[in-house]
Amino acid sequence: MSEHVPETRPKPAVPMKPVGMNPNLLGYIGIDTIIEQMRKKTMKTGFDFNIMVVGQSGLGKSTLVNTLFKSQLSRKSAGWSRDDKIPKTVEIKSISHVIEEGGVKMKLTVVDTPGFGDQINNENCWEPIEKFINEQYEKFLKEEVNIARKKRIPDTRVHCCLYFISPTGHSLRPLDLEFMKHLSKVVNIIPVIAKADTMTLEEKTEFKQRVRKELEVNGIEFYPQKEFDDDLEDKTENDKIRQESMPFAVVGSDKEYQVNGKRVLGRKTPWGIVEVENLAHCEFSLLRDFVIRTHLQDLKEVTHNIHYETYRAKRLNENGGLPPVSAENEESHDSNI
């Protein structure tokens, strides 16, 4: 008679200890799942991103934004067309689109500034733009201090300002310096050299170096600002951007052409196709990766934690430490009495 051998039961599966887990923990807790929780929440609610474009007419601002987000966010849609007369003063035009990719929804608002830099006398033409940016901070602040405030406050604050520099190859205009000097204190400015295909590679390199030098001499901080680097890794990455990439020399186009059997975005010239996403031709792909793929969340955080907080603190100090009173607050207060 053969001896009975008890059946071996498989042991219950135990989650594998994550690499780099704190040795003081006795087992797996699951705190690392917060990232997945945040991802799911973001996919449900979506998020806002507001980008402003500033520069003279004819520098391809709308075309570049169309190219960045692969959407038709044209000036015509924003209520302004090329056939219209140039505005006598700076106007602010906004248009919003909801873009969805991979299950993630983003409400994109593009703020255009027709009339900027197009007048004979451009003195203080940056003031309406600064006023608009501060009005969005004020709107957010008033919503924030409401007694019965919304669960999710609509965010119209400008997270990023693309400032278009004319490809002169010489130096920045006084208007360029004045604008960036004033607005860099209230918004994240990213300078870009427009229509970079009008310069040779040597001219482009020299012009980029000259622009960086002029910004440094005039004490103008563009995004990413040095003082906001969180750690050594951020500093190393951002230093490379500040010292090599800025200002991005770009070409925008929403037209496709056939090149070597592939459809590419580009501009047709007598000597060939300028490929928008080809690094050998321009730095559009560097700008796209920077704004959307690596720094979009940081642009939003710097806007909220630095620029908005600076505005908020100033307003509270002006009001003796009390929040600004809105009409809604007054009505709510009266009804409570």
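- Shown here is Glu101, whose CD atom has no more than 12 heavy atoms of other residues, nucleotides or ligands within 6.0 Å.
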Requested in this report: Given salt bridge (Lys or Arg N to Asp or Glu O under 4.0 Å), test Lys185 with Glu130 step by step and report yes or no.
Outcome: CA-CA 10 Å; Lys185 297 169 185 173; Glu130 183 177 29; over 6 Å; no
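- Remark: Asn50 CG to Lys107 NZ distance equals 8.0 Å, nearest 0.5 Å.
- Of the inter-residue distances, the one linking Leu316 atom CG with Glu309 atom CD reads 9.0 Å to the nearest 0.5 angstrom.
- Not one N or O on the side chain of Asp229 forms a donor-acceptor pair closer than 3.5 Å with the backbone of Asp231.
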Report task. Let me see the working for Lys181 and Asp176 under salt bridge (Lys or Arg N to Asp or Glu O under 4.0 Å), right down to the final yes or no. Result -> CA-CA 8 Å; Lys181 193 177 288 184; Asp176 298 328; over 6 Å; no
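- The minimum heavy-atom distance between Cys282 and Glu275, with the atom names listed, is SG-O, 4.4 Å.
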Report task. Apply the test side chain to side chain donor-acceptor pair (under 3.5 Å) to residues Thr33 and Gln37: give CA-CA distance (whole Å), side-chain angles for both, the deciding distance (0.1 Å), then the verdict. Result -> CA-CA 6 Å; Thr33 62; Gln37 294 171 45; 3.1 Å; yes
Requested in this report: Let me see the working for Glu277 and Ser285 under side chain to side chain donor-acceptor pair (under 3.5 Å), right down to the final yes or no.
Outcome: CA-CA 5 Å; Glu277 297 178 286; Ser285 56; over 6 Å; no
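- Applying the ring pair (Phe, Tyr, Trp, His ring centres under 6.0 Å) test to every pair with at least one member in residues 225-265, sequence neighbours left out, gives these pairs: Phe248-Phe290.
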**Report entry** Tyr308 and Glu144: CA distance, side-chain angles, deciding distance, side chain to side chain donor-acceptor pair (under 3.5 Å) verdict
**Finding:** CA-CA 12 Å; Tyr308 170 66; Glu144 202 175 45; 2.5 Å; yes
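- When all heavy atoms are compared, the tightest approach of Thr109 to Ser96 is OG1-OG, 2.7 Å.
- Ring geometry, His159 versus Phe49: the interplanar angle falls under 30°, so the pair is classed parallel (tilted spans 30 to 60°).
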Report task. Would you check, one step at a time, whether the test side chain to side chain donor-acceptor pair (under 3.5 Å) holds for Asp289 with Thr294? Result -> CA-CA 6 Å; Asp289 291 353; Thr294 62; over 6 Å; no
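- Closest non-hydrogen pair, Val54 versus Cys161, comes out as CG2-SG, 3.8 Å.
- The other residues sharing a hydrophobic cluster with Ile35 are Ile34, Met38, where clustering joins ILVMFWY side chains under 4.5 Å apart.
- In this structure a side-chain-to-backbone donor-acceptor pair under 3.5 Å is present from Thr269 to Gly272.
- Formation of a donor-acceptor pair under 3.5 Å by the His295 side chain with backbone atoms of Val291 is not found in this model.
- Remark: Lys195 pairs with no residue by the salt bridge (Lys or Arg N to Asp or Glu O under 4.0 Å) rule, at least two apart or across chains.
- Hydrophobic clustering (ILVMFWY, side-chain heavy atoms < 4.5 Å, transitive): Ile165 and Leu201 are in distinct clusters.
- In this structure, NZ in Lys226 is found 6.5 Å from CZ in Arg242, a value given to the nearest 0.5 Å.
- Applying the ring pair (Phe, Tyr, Trp, His ring centres under 6.0 Å) test to every pair with at least one member in residues 198-222, sequence neighbours left out, gives no pairs at all.
- Classified by interplanar angle (parallel below 30°, tilted 30° to 60°, perpendicular above 60°), the ring pair Phe116/Phe179 is perpendicular.
- When each of Glu203, Arg210, Lys208 is tested with Glu206 by the rule side-chain contact (heavy atoms from CB on, under 4.5 Å), just one qualifies, namely Arg210.
- Taken together through direct or relayed side-chain contacts under 4.5 Å among Ile, Leu, Val, Met, Phe, Trp and Tyr, Tyr223 and Leu296 form part of one hydrophobic cluster.
- Applying salt bridge (charged side-chain N to carboxylate O under 4.0 Å, His left out) to Glu143 and the options Arg152, Lys150, Lys151 leaves one that passes, Lys150.
- Within a 6.0 Å radius of CD in Glu233, no more than 12 heavy atoms belonging to other residues, nucleotides or ligands are found.
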Could you list the donor-acceptor pairs under 3.5 angstrom formed between side-chain atoms of residues 213-221 and any protein atom two or more places apart in sequence or on another chain?
residue	atom	partner	partner atom	Å
Glu214	OE2	Leu172	N	3.1
Asn218	ND2	Glu214	O	2.7

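- For the pair Glu283 (side chain) and Val250 (backbone), a donor-acceptor distance under 3.5 Å is absent.
- Note on residues 156-166: pairs passing salt bridge (charged side-chain N to carboxylate O under 4.0 Å, His left out), not counting sequence neighbours, are Asp155-Arg157.
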